[in-house]
Amino acid sequence: METSTIYLPPRLELKIHLTQAQFWQLCQENDDLRFERTATGELIIMPPTGGNTGERNSDLNFQLRAWNRQNNLGKVFDSNRGFTLPNGADRSPDSSWVKLERWDSLTAEEQDKFVPLCPDFVVELMSPSDSLPKTREKMLEYIENGALLGWLINRKKREVEIYRPQQEVEILVNPETVSGENILPGFVLDLETIW
């Protein structure tokens with residue numbers, strides 16, 4: 001019996017239009033896969049990250065969660081949480097945070113499914129399979145949909161791009177830390193373990 005191997009691109013984007021309920025069902029029936037959906041309905045199948053990216057993302061979430069546990073100002077989410085943005089896109093940032101009052105205003109059902117809001121703070125940690133232009137588009141989409149602060153961490157270049165509403169993107173080259181500013185008061189991400 002002859003076998004063949006099919007190689008797929010690192011990110012597969014399909015133009016399949018699904019309702020919110022259909023998209024939710026697809027994700028539930030394929031919980032070993034990670035999906036996102038653009039505002040125009042493109043379905044994106046996300047590959048799992050490699051060991052280095054996964055470990056660093058875990059550390060990033062640990063630092064954010066530790067700060068939040070001390071301050072109790074909101075809720076911290078890893079990349080397994082889906083958010084339905086106001087523009088209709090379904091996104092899963094690598095790390096995110098939502099102010100407590102916004103989270104508490106959601107119903108139990110809204111909290112259990114894809115959260116119908118844009119996080120106040122988002123982080124995308126570039127992995128080798130990520131496209132810088134597409135990740136930058138996602139960061140702008142978060143800001144346009146209500147995020148107050150976003151970080152795009154590019155380990156390869158050792159840069160952090162900082163996104164804020166109605167401001168130019170600020171790029172920090174090889175920083176040791178990055179501040180949560182007034183959005184996450186007192187939070188400073190130590191980048192030593194992220195690089």
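- Cluster annotation: M139 and V169 are assigned to the same hydrophobic cluster (Ile/Leu/Val/Met/Phe/Trp/Tyr, side-chain heavy-atom contacts under 4.5 Å, transitive).
- With no hydrogens or angles considered, no side-chain donor-acceptor pair links S58 and N61 at under 3.5 Å.
- Inter-residue side-chain proximity for D90 and E36 is flagged as unmet; no heavy-atom pair is nearer than 4.5 Å.
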Assess whether side-chain contact (heavy atoms from CB on, under 4.5 Å) is satisfied between L117 and L106, documenting all intermediate values. CA-CA 9 Å; L117 55 76; L106 300 171; 4.0 Å; yes
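- Closest non-hydrogen pair, T107 versus E110, comes out as N-OE1, 2.8 Å.
- A donor-acceptor contact shorter than 3.5 Å links the side chain of R102 to the backbone of C118.
- At a threshold of 4.5 Å between non-hydrogen side-chain atoms, the residues P175 and V178 do not count as touching.
- At most 12 non-hydrogen atoms from other residues, nucleotides or ligands lie less than 6.0 angstrom from CD of E109.
- Relative orientation of the F35 and F23 rings is perpendicular, given thresholds of 30° and 60° on the angle between their planes.
- If you check the side chains of E144 and N87, you find no donor sitting under 3.5 Å from an acceptor.
- By the 4.5 Å heavy-atom criterion applied to side chains, L184 and N71 are not counted as neighbours.
- Hydrophobic cluster membership is shared by V122 and I171, with clusters built from Ile, Leu, Val, Met, Phe, Trp and Tyr side chains linked at under 4.5 angstrom.
- Partner of F83 under the ring pair (Phe, Tyr, Trp, His ring centres under 6.0 Å) criterion, out of F77, F114, W103: F77 alone.
- Closest of all the heavy-atom pairs between R56 and T193 is CG-O, 3.5 Å.
- Each of W151, W97, Y163 was evaluated against F121; a single residue qualifies, W151, per the ring pair (Phe, Tyr, Trp, His ring centres under 6.0 Å) test.
- Here the closest non-hydrogen pair linking V76 and R65 is O-NH2, 3.1 Å.
- For residues 173-192, the set of pairs meeting the salt bridge (Lys or Arg N to Asp or Glu O under 4.0 Å) definition, not counting sequence neighbours, comprises R164-E181.
- Nearest heavy-atom pair across G82 and S92 is CA-OG, 3.7 Å.
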For the pair I153 and L60, evaluate side-chain contact (heavy atoms from CB on, under 4.5 Å) and give the outcome as yes or no after the intermediate values. CA-CA 11 Å; I153 301 175; L60 189 159; 3.7 Å; yes
After noting the C-alpha distance and the side-chain angles of L73 and W67, does the key distance pass the side-chain contact (heavy atoms from CB on, under 4.5 Å) rule? CA-CA 9 Å; L73 297 175; W67 166 83; 4.0 Å; yes
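- In this structure, CZ in R37 is found 9.0 Å from SG in C27, a value given to the nearest 0.5 Å.
- The distance from the CD atom of Q28 to the CD atom of Q25 is 7.0 Å, given to the nearest 0.5 Å.
- Annotation: Q167, atom CD; neighbour count of heavy atoms from other residues, nucleotides and ligands within 6.0 Å is above 12.
- Here CH2 of W24 is found 9.5 Å from OG1 of T84. Values are rounded to the nearest 0.5 Å.
- Checking T135 against D130 by side-chain atom types alone, no donor-acceptor pair falls below 3.5 Å.
- Taken from CG in L191 to OG1 in T177, the straight-line distance is 7.0 Å, to the nearest 0.5 Å.
- The backbone N or O of G74 sits less than 3.5 Å from a side-chain atom of N68, completing a donor-acceptor pair.
- Contact of the R91 side chain with the N145 side chain is not registered, since no non-hydrogen atoms from C-beta on lie closer than 4.5 Å.
- A donor-acceptor pair under 3.5 Å links the side-chain atoms of R155 to the main chain of I194, judged by distance alone.
- Taken together through direct or relayed side-chain contacts under 4.5 Å among Ile, Leu, Val, Met, Phe, Trp and Tyr, I162 and W195 form part of one hydrophobic cluster.
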Applying side-chain contact (heavy atoms from CB on, under 4.5 Å), run through E161 and L132 and close with a yes or a no. CA-CA 11 Å; E161 296 183 13; L132 185 57; 4.3 Å; yes
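- Closest of all the heavy-atom pairs between L64 and S95 is CD2-OG, 3.4 Å.
- Distance check: R136 CZ to M126 CE gives 8.5 Å after rounding to the nearest 0.5 Å.
- Between the NZ atom of K138 and the OG1 atom of T38 there is a distance of 11.0 Å, given to the nearest 0.5 Å.
- Of all heavy-atom pairs between P165 and I143, the closest is CA-CG2, 3.6 Å.
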